[in-house]
There are 2 protein chains.
Amino acid sequence: MARAVSETHGEILAAAARRFAVTGYRGTSLQDIAREVGCSKATVLYHFANKEALLAELMAPAIGVLRDLDDQLTGKTGAAAQEVAAQGFVDLAVRFRREIAVLRGEFPELLCQPAFAHIQQISDRLRDALAGHSDRPGARIAALVLLAGISEACAEFADIPDDELRAALLALVRRAVEPVDAP
Amino acid sequence: MARAVSETHGEILAAAARRFAVTGYRGTSLQDIAREVGCSKATVLYHFANKEALLAELMAPAIGVLRDLDDQLTGKTGAAAQEVAAQGFVDLAVRFRREIAVLRGEFPELLCQPAFAHIQQISDRLRDALAGHSDRPGARIAALVLLAGISEACAEFADIPDDELRAALLALVRRAVEPVDAP
DNA sequence: TCAGGATCTGACCGATCGGTCAGGCATGCT
DNA sequence: AGCATGCCTGACCGATCGGTCAGATCCTGA
């Protein structure tokens with residue numbers, strides 16, 4: 001019955017990704033995941049310290065890319081910041097569609113967990129950049145709606161090829177973002 | 001200790017609206033609501049048959065307006081449908097900011113409950129209308145992102161006056177929607 | 001005055017949650 | 001052969017969930 005380490009570990013991770021994306025983090029029990037893998041709940045907790053650690057390992061790649069994008073944003077202002085933020089976030093959203101779907105509406109509470117302490121600040125900076133660092137309400141509203149909308153919606157486009165979805169989202173963002181004042 | 005019917009009933013409804021908007025439907029227990037009102041959990045269940053009935057009564061006004069919007073949409077096509085959908089949904093989102101926040105990410109599961117059986121079809125038609133009934137992927141993607149983004153984001157603008165928020169969102173939607181082909 | 005309905009509550013229920021623990025069972029090293 | 005180690009499991013734990021119920025308390029009208 002005993003399989004190689006990496007095998008079961010990876011299967012649990014994959015099953016969790018599938019379930020979380022459909023029923024959310026809180027809406028998925030360890031029992032659900034174990035059932036999908038075909039093992040016991042105790043086995044899930046043998047491979048992962050707790051439910052939160054499972055989520056953290058699942059989100060790690062996406063968070064790494066988000067961090068990289070945050071680094072690219074430092075120093076950029078105005079239209080340049082908007083363009084980098086738009087391209088970077090759209091690409092991230094398309095590549096990590098399923099991981100982002102996990103956050104469905106549970107973003108605020110999930111961010112309270114220590115493993116995701118910095119994400120809130122990063123997404124705030126991303127929103128600021130997409131607004132061209134403008135403090136006009138219209139610009140800030142547009143940036144927030146776009147980021148939230150793409151996060152929320154991209155999971156529903158599982159059947160659309162990556163590059164087609166990326167092009168459509170990028171075109172949308174460029175149309176929708178409030179242009180910064182000409183210097 | 002016993003208060004008039006409408007008083008406690010209304011207080012429970014208001015407390016539920018506040019708590020649901022912050023921690024979501026599933027994330028809020030009947031105990032939480034009772035604590036906020038200052039009564040027992042049994043009292044909450046005396047005034048409402050169950051948790052779902054409490055949610056249904058809370059959402060009823062917003063659902064009524066959504067139904068009205070759906071009626072206005074019948075027969076409209078192209079740019080006319082887009083404009084009615086944009087104005088109608090932005091207005092609804094602004095007026096019912098808190099009610100919509102309740103749905104935070106729990107939309108899919110909440111729709112399974114019998115009280116919200118028709119909402120899925122209505123929101124599908126709304127998305128179609130906002131896309132100008134076009135079947136181009138770009139138009140459908142833009143419509144979905146805008147609807148999801150506004151739903152998700154409008155709860156965070158509690159400090160912005162209704163008319164200012166409405167104007168900003170409407171301008172955003174008009175910029176962002178993919179224009180329908182000229183005839 | 002008193003019966004009866006409306007309002008409210010503490011105690012309780014079964015189900016499910018995340019998590020713990022002792023032990024079973026292979027495998028591989030000495 | 002004997003032992004250690006990694007993998008896995010059933011049984012169990014306390015907490016919390018939505019919901020039920022019998023009864024206490026209050027208000028009102030006859």
Side-chain angles (χ1 to χ4, degrees), chain A residues 1-20 22-59 102 104-106 109-116, chain B residues 1-20 22-59 102 104-106 109-116:
Chain A
M1 190 65 74
R3 287 165 278 195
V5 189
S6 59
E7 212 171 311
T8 303
H9 190 91
E11 282 177 22
I12 292 172
L13 217 48
R18 263 175 276 133
R19 299 295 307 162
F20 284 165
V22 174
T23 50
Y25 176 70
R26 274 194 316 206
T28 302
S29 69
L30 295 177
Q31 192 67 256
D32 291 334
I33 298 169
R35 195 181 303 121
E36 182 138 336
V37 174
C39 68
S40 72
K41 188 180 67 170
T43 298
V44 175
L45 287 163
Y46 168 77
H47 285 279
F48 299 90
N50 48 44
K51 196 183 180 185
E52 182 187 338
L54 177 51
L55 176 64
E57 188 165 327
L58 200 61
M59 303 296 288
V102 171
R104 273 189 165 277
E106 301 177 300
E109 304 112 66
L110 255 34
L111 288 180
C112 298
Q113 301 189 331
F116 308 107
Chain B
M1 192 63 75
R3 288 165 277 194
V5 189
S6 58
E7 212 171 312
T8 304
H9 190 91
E11 282 177 22
I12 292 172
L13 217 48
R18 263 174 275 134
R19 299 295 307 162
F20 284 164
V22 175
T23 48
Y25 176 71
R26 275 196 313 209
T28 302
S29 69
L30 296 176
Q31 193 67 254
D32 291 334
I33 298 168
R35 196 181 302 119
E36 181 139 339
V37 174
C39 68
S40 72
K41 187 181 69 169
T43 298
V44 174
L45 287 163
Y46 167 77
H47 286 279
F48 298 90
N50 48 46
K51 196 183 180 187
E52 184 188 335
L54 178 51
L55 175 65
E57 187 164 328
L58 201 61
M59 303 296 288
V102 171
R104 273 188 165 280
E106 301 177 299
E109 303 112 66
L110 253 36
L111 289 180
C112 299
Q113 301 190 330
F116 308 108

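Note: hydrogens, waters and symmetry copies are ignored here, and every other heavy atom, side chains too, is used. Predicted, not measured: the structure shown is a model, and the values here were computed from it. First the proteins, then the strands, lettered A, B, ... as listed; each starts at 1.
The listed nucleotides are C:dC17, D:dG19, C:dT9; the one nearest the side chain of A:Gln31 is C:dC17. When distances run from any side-chain atom of B:Ser40 to the nucleotides D:dG19, D:dG10, C:dT9, the shortest one goes to C:dT9.
Among the protein residues, A:Leu45 comes within range of the nucleic acid bases, having at least one heavy atom under 4.0 Å from a base atom. Using a 4.0 Å heavy-atom distance criterion, A:Ser29 is classed as a sugar-phosphate-only contact.
For D:dT9, the OP1/OP2 oxygens have a side-chain nitrogen or oxygen of A:Thr43 closer than 4.0 Å. At the phosphate of D:dC8, OP1 or OP2 sits under 4.0 Å from a side-chain N or O atom of A:His47.
For the pair A:Ala42 and A:Leu30, nearest-nucleotide mapping onto DNA chain C gives the more 5' position to A:Leu30.
Residues forming a side-chain hydrogen bond (donor to acceptor under 3.5 Å, both in side chains) with A:Arg26 (at least two apart in sequence, or on another chain): A:Glu109. Listed by chain and residue number, A:Gln31, A:Asp32 satisfy the side chain to side chain contact (heavy atoms under 4.5 Å, CB included) test with A:Arg35 (two or more places apart in sequence, or in another chain).
A donor-acceptor contact under 3.5 angstrom links the side chains of A:Glu57 and A:His9, judged on distance only.
Under the 3.5 Å distance criterion, the side-chain polar atoms of B:Thr43 are left unmatched by any main-chain donor or acceptor of B:Cys39.
Here D:dA22 presents its P atom at 16 Å from OH of B:Tyr46, a figure rounded to the nearest Å.
In this model, no side-chain donor or acceptor of B:Lys51 finds a partner on the base of D:dG19 within 3.5 Å.
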